[in-house]
Every structure is written in structure tokens, then in C-alpha cells.
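These notes concern the structure reproduced below.
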Protein chains: 2
Amino acid sequence: MEVKTKQHGIKVVADVLDIIGGKWRGPILSYICDKPRRFNELKSILGRITSATLTKELRYLEELRMIERVEIRTETSSTYEYRMSQHGKSIKTLIQHVVEWGLQHRKVVLEEGV
Amino acid sequence: MEVKTKQHGIKVVADVLDIIGGKWRGPILSYICDKPRRFNELKSILGRITSATLTKELRYLEELRMIERVEIRTETSSTYEYRMSQHGKSIKTLIQHVVEWGLQHRKVVLEEGV
DNA sequence: TTATCAGGTATCTTTTTTCATACCTAAACA
DNA sequence: TGTTTAGGTATGAAAAAAGATACCTGATAA
């Protein structure tokens with residue numbers, strides 16, 4: 001089992017990082033994990049992302065079935081929100097591990113690094 | 001504490017993904033985590049990476065103090081190996097979480113996705 | 001003494017990402 | 001009726017990442 005993990009480990013790491021890596025996907029997932037978000041809400045929290053890029057990243061995460069785009073209707077209006085899919089929710093703990101490692105170790109990298 | 005984590009969470013996620021993200025850094029770290037590796041060993045395990053790219057990525061991880069480049073001397077010869085720094089070792093569990101999530105969930109993404 | 005191997009560097013090209021800017025549609029608002 | 005807001009799309013330029021190729025240095029091997 002240990003051996004099997006190692007044989008396939010690298011491909012697995014690369015595949016997972018393709019989902020949460022990149023400049024925006026990790027941050028996007030970490031916001032949506034927290035609670036469902038609307039397009040402009042994400043856009044303003046993320047800061048410097050453009051609409052085109054945000055759209056592209058959201059469509060990609062949808063394609064991977066990590067998130068879902070749902071129409072929210074009230075009597076008077078309707079809008080869309082992005083939320084984790086049932087399957088996507090499983091990544092929340094992984095993201096928490098990322099945040100934890102970051103909080104404990106990032107400083108070392110930032111201060112000693114460069 | 002929960003609030004504090006959330007306020008800084010995104011920046012933290014982005015910073016950590018800058019270390020383990022990208023096309024090669026995750027795989028490289030996951031190999032070196034396992035045991036120290038030599039340049040050409042890494043190059044051949046990683047497959048399609050070029051020397052220039054591998055050098056660049058290794059220098060960057062060194063700069064972040066995640067790995068160390070050490071000269072290995074025997075009586076007859078000397079070579080170099082890359083190994084995790086004391087600080088870098090802490091990322092091993094995080095990488096294990098990445099692999100675990102991947103093994104459990106990647107298939108869903110690959111099969112249902114696209 | 002020539003050839004080979006480890007561990008790279010230097011340049012240039014190609015590909016991929018991201019950004020900037022302008023624009024679009026439907027709904028609600030004033 | 002005209003404007004603003006939400007949620008985008010389209011296009012092209014710029015920047016970043018990765019690749020291809022050639023070359024270099026200091027061993028050691030034949």
C-alpha cells in the first residue's frame with residue numbers, strides 16, 4: 001500500500017494541484033467552501049481578478065464538478081450563486097490543512113526566504 | 001481565532017500554493033520529502049521536465065528554505081543531493097493530505113468531469 | 001587522450017495565463 | 001424613459017511559465 005501510494009503519488013499530487021493550484025483556484029475554493037458566494041462578491045473579495053478570469057476559473061471548477069452555479073429566486077428577483085458541490089465539499093478539510101500549515105510555517109519562509 | 005483565520009485565510013492559501021503549486025513544485029517536493037534526491041534522479045523521475053526548468057524550481061525552493069542542496073563527498077568522488085530542510089520537512093504531512101484527497105476523490109473529478 | 005557522465009547555464013521560441021478595455025443583456029430603479 | 005446593477009462575453013496585448021536546443025565544466029572511465 002505504501003509502495004502503491006508512492007508509485008502513483010506524483011501523478012496524484014499533480015492532479016490535485018491542478019484543481020487547487022494556480023493563482024486563483026485555491027482562494028476561490030476557500031471562499032466558496034466557507035459559504036455560497038455570488039459572482040461580484042467573489043470578484044470584490046479577490047481584489048485584482050478580472051471578470052474574464054473569474055468566469056474562466058469558475059467554469060473550470062464547475063466542469064470538474066467541484067462547484068455548482070445555482071439560480072437563486074426570490075419573489076421579486078433572481079441571481080446566481082456558486083456553492084460547493086456535494087463532492088467538492090470534501091476538499092474543505094484539505095484547504096484547512098493548507099491554511100494551518102501556512103499559518104504555522106509561512107512566516108519562516110517569508111522572513112528567512114529571499 | 002476562527003475570524004482571524006478567515007480574514008487572512010485567502011492570502012495564506014495563496015502563499016502556500018505558491019510554494020507547492022505550479023506544474024513541478026508539488027511533485028518535486030513530494031519526491032524529495034521521501035528521501036534526498038540527486039539532480040538527474042529527479043529529472044528522470046519527473047519525466048518531461050527540462051534541466052533549465054528543474055534548476056529554476058530547485059533554486060526557488062532553496063531560496064524559500066524548503067530544501068537544501070548539499071555536497072556529498074565520498075573518498076573517491078563527490079556529488080550533490082537535494083533534501084528537505086528542517087523547516088521544509090513540516091510540509092510532508094500536508095503533501096500526504098494532498099495525496100490522500102487525490103486518491104479518494106480524483107476519480108470522481110476525472111470521470112464525471114469534462 | 002578521448003569519451004562519457006553529472007550537473008548544470010544560456011538563448012531563444014512557444015504556450016499558457018492574466019490583464020485591460022470595451023461591450024452586452026436582462027432586470028430593477030428613479 | 002433613462003440609468004444603474006448583476007453577471008457576464010469578446011478581443012487583443014502583456015507577462016509568466018515551460019520547452020527546445022546547444023553548450024560548458026570538472027570529474028572519472030576506457
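All of these numbers come straight from a predicted model, not from anything done at the bench. Heavy-atom basis, side chains included; hydrogens, waters and symmetry copies ignored. Just so we're on the same page: letters track the sequence lines, and every chain starts at 1.
Note that CZ of B:F39 is 11.0 Å distant from OG1 of B:T79, once rounded to the nearest 0.5 Å. The line from CZ of A:R59 to NZ of A:K56 is 12.0 Å long, rounded to the nearest 0.5 Å. Remark: A:K23 NZ to A:L46 CG distance equals 11.0 Å, nearest 0.5 Å.
Rounded to whole Å, atom P of C:dT17 lies 15 Å from atom CH2 of A:W24. Here C:dG8 presents its P atom at 10 Å from CG of B:L42, a figure rounded to the nearest Å. Look at NZ on B:K56: it is 12 Å from P on C:dT9, rounded to the nearest Å. What separates CZ of B:R73 from P of D:dG26 is a distance of 15 Å, to the nearest Å. Residue B:D18 contributes atom CG, which lies 12 Å from atom P of C:dT18 at whole-angstrom precision. Protein atom CD1 of B:I28 is 12 Å distant from nucleotide atom C1' of D:dA18, rounded to whole Å. The distance between atom CZ of B:R37 and atom C1' of C:dA6, rounded to the nearest whole Å, is 17 Å. Rounded to an integer number of Å, the gap from A:L46 CG to C:dC19 C1' is 15 Å.
Candidate nucleotides C:dG8, D:dG7, D:dA20 were compared by shortest atom distance to the side chain of B:R69, and C:dG8 ranks first. Proximity note for A:S77 (side chain, C-beta onward) versus C:dA28, D:dA6, C:dG7: the nearest is C:dA28. Between C:dT9, C:dC19, C:dG7, one nucleotide has an atom nearer to the side chain of B:F39 than all others, and that is C:dG7. Comparing C:dT9, D:dT9, D:dG19 by their nearest atom to the side chain of A:T55 picks out D:dT9. Closest to the side chain of A:T50, from the set C:dG7, C:dT18, C:dA20, is C:dA20. Here the side chain of B:S51 is nearest to one of C:dG8, C:dC19, D:dG19, namely C:dG8. Comparing D:dG19, D:dG7, C:dG7 by their nearest atom to the side chain of B:T79 picks out C:dG7. Ranking D:dG8, C:dT18, D:dG19 by closeness to the A:K23 side chain, first place goes to C:dT18.
The phosphate of D:dG8 (OP1 or OP2) has a side-chain N or O of A:R59 nearer than 4.0 angstrom.
Within 4.0 Å (heavy atoms only), A:K43 reaches no atom of the nucleic acid at all. Using a 4.0 Å heavy-atom criterion, one finds that B:Y82 contacts the sugar-phosphate atoms exclusively.
When B:L94, B:V98, B:L61 are each tested for a side-chain contact (heavy atoms from CB on, under 4.5 Å) with B:L29, only one passes: B:L61.
A residue-by-residue look at A:R25 and B:A52 shows that B:A52 has its nearest nucleotide of DNA chain C further toward the 5' end. Toward the 5′ end of DNA chain C lies the nearest nucleotide of B:L58, the other residue of the pair A:R48 and B:L58 mapping further downstream.
Under a 3.5 Å cut-off, the side chain of B:R25 and the backbone N or O of B:L17 do not form any donor-acceptor pair.
Heavy atoms of other residues, nucleotides or ligands lying less than 6.0 angstrom from CD of B:Q86 number 12 at most.
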